[in-house]
Student: 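Structure below; questions to follow.
Letters A, B, ... are given to chains in the order of the sequence lines, protein chains preceding strands, and every chain is numbered from 1.
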Amino acid sequence: MSSEKRKLISIITEAAIEVRLCEALTALGARGYTVTDARGSGSRGVRNASWSSSRNIRVEIVCDEAIAARIAEYLRENYFEDYAMIMFEGDVKVLRLDKF
Amino acid sequence: MSSEKRKLISIITEAAIEVRLCEALTALGARGYTVTDARGSGSRGVRNASWSSSRNIRVEIVCDEAIAARIAEYLRENYFEDYAMIMFEGDVKVLRLDKF
Amino acid sequence: MSSEKRKLISIITEAAIEVRLCEALTALGARGYTVTDARGSGSRGVRNASWSSSRNIRVEIVCDEAIAARIAEYLRENYFEDYAMIMFEGDVKVLRLDKF
Amino acid sequence: MDPVVWFFLLGVVAGVARSDLKFPAAIYDLLSMLLLLTIGLKGGVELAKTPLAGLLPQVLIVLAMGLLLPLLIFPVARLFGRLDRANAASVAAHYGSVSVATFAVGVSYLNERNISYDSQLPLFLVLLEVPAIVVGILLARGIKVGTQWGKLAHEIFFGKSIVLLVGGLAIGWLAGPVGIAPLEPFFFDLFKGVLALFLLEMGLVASSEFRSLRNHGWFVLGFGMLAPLPLATIGALVGWSIGLTPGGTTLLAVLAGSGSYIAAPAAMRIAVPAANPSLPLTMSLGVTFPFNIFVGIPLYFSIAKWLQG
Amino acid sequence: MDPVVWFFLLGVVAGVARSDLKFPAAIYDLLSMLLLLTIGLKGGVELAKTPLAGLLPQVLIVLAMGLLLPLLIFPVARLFGRLDRANAASVAAHYGSVSVATFAVGVSYLNERNISYDSQLPLFLVLLEVPAIVVGILLARGIKVGTQWGKLAHEIFFGKSIVLLVGGLAIGWLAGPVGIAPLEPFFFDLFKGVLALFLLEMGLVASSEFRSLRNHGWFVLGFGMLAPLPLATIGALVGWSIGLTPGGTTLLAVLAGSGSYIAAPAAMRIAVPAANPSLPLTMSLGVTFPFNIFVGIPLYFSIAKWLQG
Amino acid sequence: MDPVVWFFLLGVVAGVARSDLKFPAAIYDLLSMLLLLTIGLKGGVELAKTPLAGLLPQVLIVLAMGLLLPLLIFPVARLFGRLDRANAASVAAHYGSVSVATFAVGVSYLNERNISYDSQLPLFLVLLEVPAIVVGILLARGIKVGTQWGKLAHEIFFGKSIVLLVGGLAIGWLAGPVGIAPLEPFFFDLFKGVLALFLLEMGLVASSEFRSLRNHGWFVLGFGMLAPLPLATIGALVGWSIGLTPGGTTLLAVLAGSGSYIAAPAAMRIAVPAANPSLPLTMSLGVTFPFNIFVGIPLYFSIAKWLQG
Ligand SMILES: Nc1ncnc2c1ncn2[C@@H]1O[C@H](COP(=O)(O)O)[C@@H](O)[C@H]1O
Ligand SMILES: Nc1ncnc2c1ncn2[C@@H]1O[C@H](COP(=O)(O)O)[C@@H](O)[C@H]1O
Ligand SMILES: Nc1ncnc2c1ncn2[C@@H]1O[C@H](COP(=O)(O)O)[C@@H](O)[C@H]1O
Ligand code: NA
Ligand code: NA
Ligand code: NA
């Protein structure tokens with residue numbers, strides 16, 4: 001199968017910043033992204049999604065190494081300090097190369 | 001821990017085809033699948049889930065290499081051209097081998 | 001980017017045990033976890049989320065090898081036999097090491 | 001103007017202004033379920049009051065109209081829209097079928113003016129939903145072998161909107177006015193409010209369709225604006241010919257002149273994958289729906305009156 | 001027939017026909033919350049009108065019944081169902097406990113016929129929910145050491161259905177008829193409609209339970225059909241012996257003859273993991289619930305009338 | 001006591017007892033949407049009855065109050081709370097802005113006692129929502145260059161709560177009492193019930209805020225308890241000075257004395273990331289809201305009556 005390696009970036013953060021974050025991702029060169037609603041717990045305590053300000057989202061971006069690095073850099077500079085946010089990166093094989 | 005390598009297939013596509021897609025996956029030999037609701041953006045534009053026809057789903061299948069290849073093949077033939085869809089594949093270690 | 005390898009544990013199981021499971025994860029040393037609602041199908045049949053007792057959740061934990069092993073061990077002992085549950089483990093690179 | 005229409009405008013404004021106002025999917029599902037069930041129930045209760053005997057001829061004529069409309073639309077879409085076969089067929093299916101929300105606005109338009117309409121109209125709504133979709137699929141695929149017609153038919157006839165409309169009709173008919181009474185506060189008294197919220201959501205979606213207008217070129221705008229009137233006129237003529245009241249004639253015109261955006265999109269997406277789903281949706285939701293609730297409905301009403309008198 | 005029951009049938013038909021009609025989880029949660037709160041509120045308002053003094057003996061007898069029923073069911077499930085200890089205990093817990101929706105249908109059955117019932121029935125509903133679950137857990141686990149009884153008790157008594165029922169009762173009782181008045185349009189007037197939607201969803205679920213019937217063998221079908229009558233008769237006798245009205249006696253029979261599918265499944269899943277959750281659910285939702293709303297309730301009512309005179 | 005307040009208590013009890021009762025996010029969204037829309041609609045209908053001409057001076061004074069309040073709160077938070085600039089500004093924004101739910105409870109408090117209030121109050125609610133947020137942002141960031149003021153302003157003015165409040169106002173005003181009539185069963189008759197459910201959810205959230213109280217130290221508790229009265233007094237004085245009725249004066253006091261937990265948190269989270277979002281939320285939801293509905297509202301009402309003579 002004609003496939004190739006890409007990075008899968010997963011960001012879990014506050015729903016409040018969804019719009020701005022997704023705009024930024026596109027600006028940083030991501031060809032697309034996927035968002036799912038989530039809840040959870042971490043260093044900033046339990047965020048259980050019942051009240052609007054305690055909702056999480058899980059944003060996933062499939063992209064190449066360069067963009068992945070740019071996104072990581074951007075998040076560290078703009079969000080890590082002030083927002084409930086984690087980010088991790090995995091390796092994936094994709095089809096439809098043109099799309100990523 | 002008695003575990004072994006498997007593939008984790010992730011498909012992000014239009015909610016409209018959930019039923020048919022899941023039937024197909026089972027037919028292709030997948031022992032199971034997991035579906036979560038999603039929204040996102042890609043080459044076919046923003047799909048923000050508010051209106052029924054603009055909803056995405058995220059389908060995940062843990063399976064062996066052979067079935068993974070069959071699924072990829074099947075999607076390329078039947079869905080890639082006409083549907084908003086991406087697919088990527090990662091490596092995972094599983095417990096309960098019997099189940100995959 | 002100052003990053004390091006961690007394990008990403010994914011557990012897909014019955015929503016009924018969310019509270020207890022998350023308590024256990026914290027007790028086992030996980031610094032955090034993320035939960036999303038899901039539906040799916042597997043050896044225990046179709047769980048399509050319409051009725052409260054047929055809902056699934058997808059729990060993800062980013063943690064180090066040791067904790068990952070402990071979680072796997074714990075699940076095998078306490079849940080695998082009686083509950084609809086699968087678990088798989090992948091490799092991820094994380095930022096904000098302090099958090100995991 | 002009917003206040004519910006203001007909610008549509010509010011949605012449009014919020015959407016155009018890129019407000020973060022958004023309906024959770026679950027709420028949209030609830031609202032559309034209530035809309036469909038209530039229209040069915042109301043129709044069933046009305047039907048229960050009237051003898052079904054004489055209805056058969058009317059039913060057949062309306063069904064015939066449902067089969068005819070897409071056949072008229074298809075060539076237009078092919079010629080003037082220069083659309084390929086699949087997309088032209090999809091447009092035919094959408095506009096041959098009906099818009100439940102437009103119908104609801106039409107009903108509330110008549111209620112505001114205390115104009116009664118024939119009890120079989122909701123039945124006609126149900127009858128008109130499916131045929132055009134079937135014709136559209138045939139136009140797109142031909143009688144290809146290998147097509148799982150059984151499966152398709154099943155997906156169309158047991159799609160949720162049909163099930164809720166028909167189910168509501170049946171329950172309303174079986175229970176009758178007396179039996180339904182205890183359900184009225186929930187289904188009937190709240191109807192206007194549920195419709196208002198649904199229109200608010202539709203406004204939000206319509207606003208995003210506006211944006212995709214330019215991607216689609218002039219035909220989408222043109223067809224969305226110009227098709228309703230002739231189509232509605234056919235509906236009005238049929239209504240008049242089968243002897244409906246002015247109110248009933250208006251609503252049949254509304255049904256003929258409106259484009260589906262619930263049943264048809266779902267069915268076409270599965271049956272005709274090659275058709276671009278956003279094209280007919282932009283037409284029916286972004287252009288025709290606003291046109292109908294602001295201009296169409298009053299216009300069709302005057303046509304109906306003129307025909308009758 | 002009570003129109004709300006038609007909605008259950010509609011759900012069954014849609015489910016059996018594999019329609020794509022589906023309730024979002026959030027809507028199911030809303031409907032069940034409203035159901036529980038409203039039943040509680042109604043009960044509380046009624047209680048506020050009556051002196052609680054004389055109630056204690058009745059309360060104790062009803063509680064005793066709640067402890068007795070599972071003890072009767074357990075051996076039956078062991079012997080005839082050849083179920084292992086955990087599963088037999090789970091069945092005992094489900095059928096010893098009560099079905100809120102069946103109760104609601106029973107209430108609306110009586111309302112349709114303008115038959116009044118004793119104001120303490122909703123209180124009895126609450127009282128009967130828990131004991132059987134506790135007994136069931138004890139039957140399954142024995143007084144094992146290591147069991148976190150405190151934690152379990154907490155999860156049972158503060159489970160959402162109990163909290164909403166008891167909370168509703170308390171609020172209704174504290175506010176009284178006058179205080180509740182402004183809440184009536186939302187909670188009371190809409191109740192029938194909310195119940196109808198809930199039954200539609202239950203029909204969808206029941207239809208999928210039908211399918212798993214064959215996996216479970218004859219006992220599930222047999223027990224689901226045959227258990228309600230004797231259990232309900234016990235309830236009717238108790239109701240009669242503590243001097244309830246025919247209406248009240250009917251409802252107590254309904255409570256005894258119905259199987260839980262909200263509180264019990266949740267509790268047993270955590271407390272008795274070894275028990276197959278689908279077994280009692282298929283029984284209570286796939287067999288007993290339909291039996292009760294179509295056959296049982298009228299039957300129990302005639303038993304109640306016969307007992308009274 | 002107003003029954004809706006019992007629902008808040010029920011939520012608190014359930015939350016403190018760590019019940020698994022939880023509102024789906026979609027339901028919370030629906031309830032808050034209905035709350036905002038209804039308050040807007042009611043206000044608009046009232047406004048439609050009264051000449052807007054004389055209103056302008058009042059409007060300006062109320063806006064001035066909205067700009068003043070945060071400027072008073074900021075130094076207090078800096079000095080006594082020893083909060084850094086961002087957090088002090090955030091507190092100022094939250095308490096300078098208003099709490100829609102507290103206003104709703106205030107309205108229902110007056111209705112219970114058949115006390116009328118001036119028709120422009122909902123308008124004032126809208127007017128008071130935004131200014132404090134803007135001031136708060138300015139206090140936090142200063143007139144920094146590089147701040148995308150346009151984008152910020154857009155996010156604040158087209159935030160969903162503003163859109164729904166203003167939209168409701170506009171529709172209510174345009175439609176007027178007659179036009180809105182058909183929407184009353186849904187929006188107005190159900191209002192009390194919707195508010196009750198919303199307060200139940202708020203109780204659940206408040207209970208979790210109680211837990212984080214200790215993380216925040218005494219200032220949060222102290223400010224949450226002591227700030228409302230002086231702030232409300234300012235509101236009452238303003239109300240009295242512009243000649244509002246006792247009812248209207250009470251509600252203006254309620255607005256001044258309550259802290260926002262919908263619009264302000266959303267805006268501050270984006271505009272002042274450095275501010276800890278949980279701090280003002282714990283204050284306004286965990287301390288001030290309960291204080292206001294149990295102690296504040298009656299107190300403000302007596303102040304209002306006393307002022308009036
Ligand atoms: N170790 C972890 N594994 C999985 N998810 C996590 C982890 N830590 C944090 N999260 C998620 O990220 C969100 C923000 O994390 P934090 O900034 O640590 O509060 C939490 O609410 C969780 O949903
Ligand atoms: N690069 C990407 N990363 C993550 N998700 C994507 C990406 N591209 C597309 N998607 C998701 O896949 C869906 C369909 O993609 P497309 O066919 O490109 O429109 C989108 O709506 C997104 O939810
Ligand atoms: N092979 C698989 N791939 C993805 N998800 C699965 C798989 N098998 C099971 N699941 C998920 O795990 C849940 C429980 O699995 P089971 O215990 O096999 O019934 C199912 O309801 C699915 O959501
Ligand atoms: Na049409
Ligand atoms: Na029972
Ligand atoms: Na304030």
Side-chain angles (χ1 to χ4, degrees), chain D residues 1-35 38 42 104-105 107-114 183-204 207, chain F residues 23-38 40-41 44-45 48 150-151 153-191 193-194 262-263 266-267 269-270:
Chain D
M1 187 164 60
D2 187 341
V4 294
V5 175
W6 291 116
F7 284 83
F8 178 77
L9 280 181
L10 176 57
V12 169
V13 172
V16 169
R18 295 186 171 284
S19 158
D20 65 341
L21 177 60
K22 189 164 177 286
F23 275 62
I27 301 311
Y28 165 81
D29 290 345
L30 175 63
L31 293 174
S32 54
M33 276 183 57
L34 291 176
L35 213 62
T38 307
K42 274 188 172 163
V105 176
V107 167
S108 106
Y109 174 90
L110 295 177
N111 291 343
E112 296 270 311
R113 288 154 186 72
N114 307 310
L183 293 172
E184 275 175 6
F186 184 77
F187 286 105
F188 297 173
D189 300 353
L190 301 189
F191 183 67
K192 219 44 187 310
V194 170
L195 179 60
L197 279 190
F198 190 79
L199 291 181
L200 177 55
E201 159 74 349
M202 282 187 67
L204 289 165
S207 70
Chain F
F23 275 61
I27 301 311
Y28 165 81
D29 289 344
L30 175 63
L31 293 174
S32 53
M33 276 183 58
L34 290 176
L35 212 61
L36 294 159
L37 263 177
T38 307
L41 285 169
V45 171
K151 192 153 181 228
H154 178 277
E155 279 162 337
I156 294 169
F157 285 99
F158 290 101
K160 56 167 146 334
S161 51
I162 305 290
V163 167
L164 290 170
L165 278 170
V166 175
L169 261 179
I171 293 175
W173 186 74
L174 288 162
V178 183
I180 285 299
L183 293 173
E184 275 175 6
F186 185 77
F187 286 104
F188 297 173
D189 301 353
L190 301 190
F191 183 66
V194 169
I262 298 182
R269 196 72 195 107
I270 293 173

Student: Heavy-atom pairs under 4.5 Å with chain D are the metric here; pick the option from P182(F), G179(F), G167(F) that has the most.
Tutor: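 Most pairs with chain D among the choices: P182(F).
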Student: Of the listed residues (N111(D), V13(D), L197(D), L195(D)), which shares the most heavy-atom pairs with chain F below a 4.5 Å separation?
Tutor: L197(D)
Student: Considering heavy atoms only, which positions within residues 25-35 of chain F lie below 4.5 Å of chain D?
Tutor: A26(F), I27(F), D29(F), L30(F), M33(F), L34(F)
Student: With a 4.5 Å heavy-atom cut-off, do K192(D) and P185(F) have their side chains touching?
Tutor: no
Student: Under a 4.5 Å heavy-atom cut-off, does chain D meet the side chain of L36(F), its backbone, both or neither?
Tutor: neither
Student: Check side chain to side chain donor-acceptor pair (under 3.5 Å) between E155(F) and all other residues, then give those that pass, not counting sequence neighbours.
Tutor: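 For E155(F) the side chain to side chain donor-acceptor pair (under 3.5 Å) partners, ignoring immediate neighbours, are R20(A).
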Student: My understanding is that only residues two or more places apart in sequence, or in another chain, count here; which of them pass ring pair (Phe, Tyr, Trp, His ring centres under 6.0 Å) with F187(D)?
Tutor: F7(E)
Student: Only pairs of heavy atoms separated by less than 4.5 Å count here; which of A175(F), G159(F), P24(F) has the most with chain D?
Tutor: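 Greatest number of close heavy-atom pairs with chain D: G159(F).
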Student: If you look only at distance, which donor and acceptor atoms sit under 3.5 Å apart when one is on a side chain in residues 14-22 of chain D and the other is two or more places apart or in another chain?
Tutor:
from: S19(D); atom 1: OG; to: L21(D); atom 2: N; distance (Å): 2.9
from: S19(D); atom 1: OG; to: F158(F); atom 2: O; distance (Å): 2.7
from: D20(D); atom 1: OD1; to: K160(F); atom 2: N; distance (Å): 2.8
from: K22(D); atom 1: NZ; to: N48(B); atom 2: O; distance (Å): 3.1

Student: Could you grab the distance from atom CG of D189(D) to atom CG of L190(F), nearest 0.5 Å is fine?
Tutor: 9.5 Å
Student: Checking L9(D) against chain F: side chain, backbone, both or neither under 4.5 Å from a heavy atom?
Tutor: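 No part of L9(D) comes within 4.5 Å of chain F.
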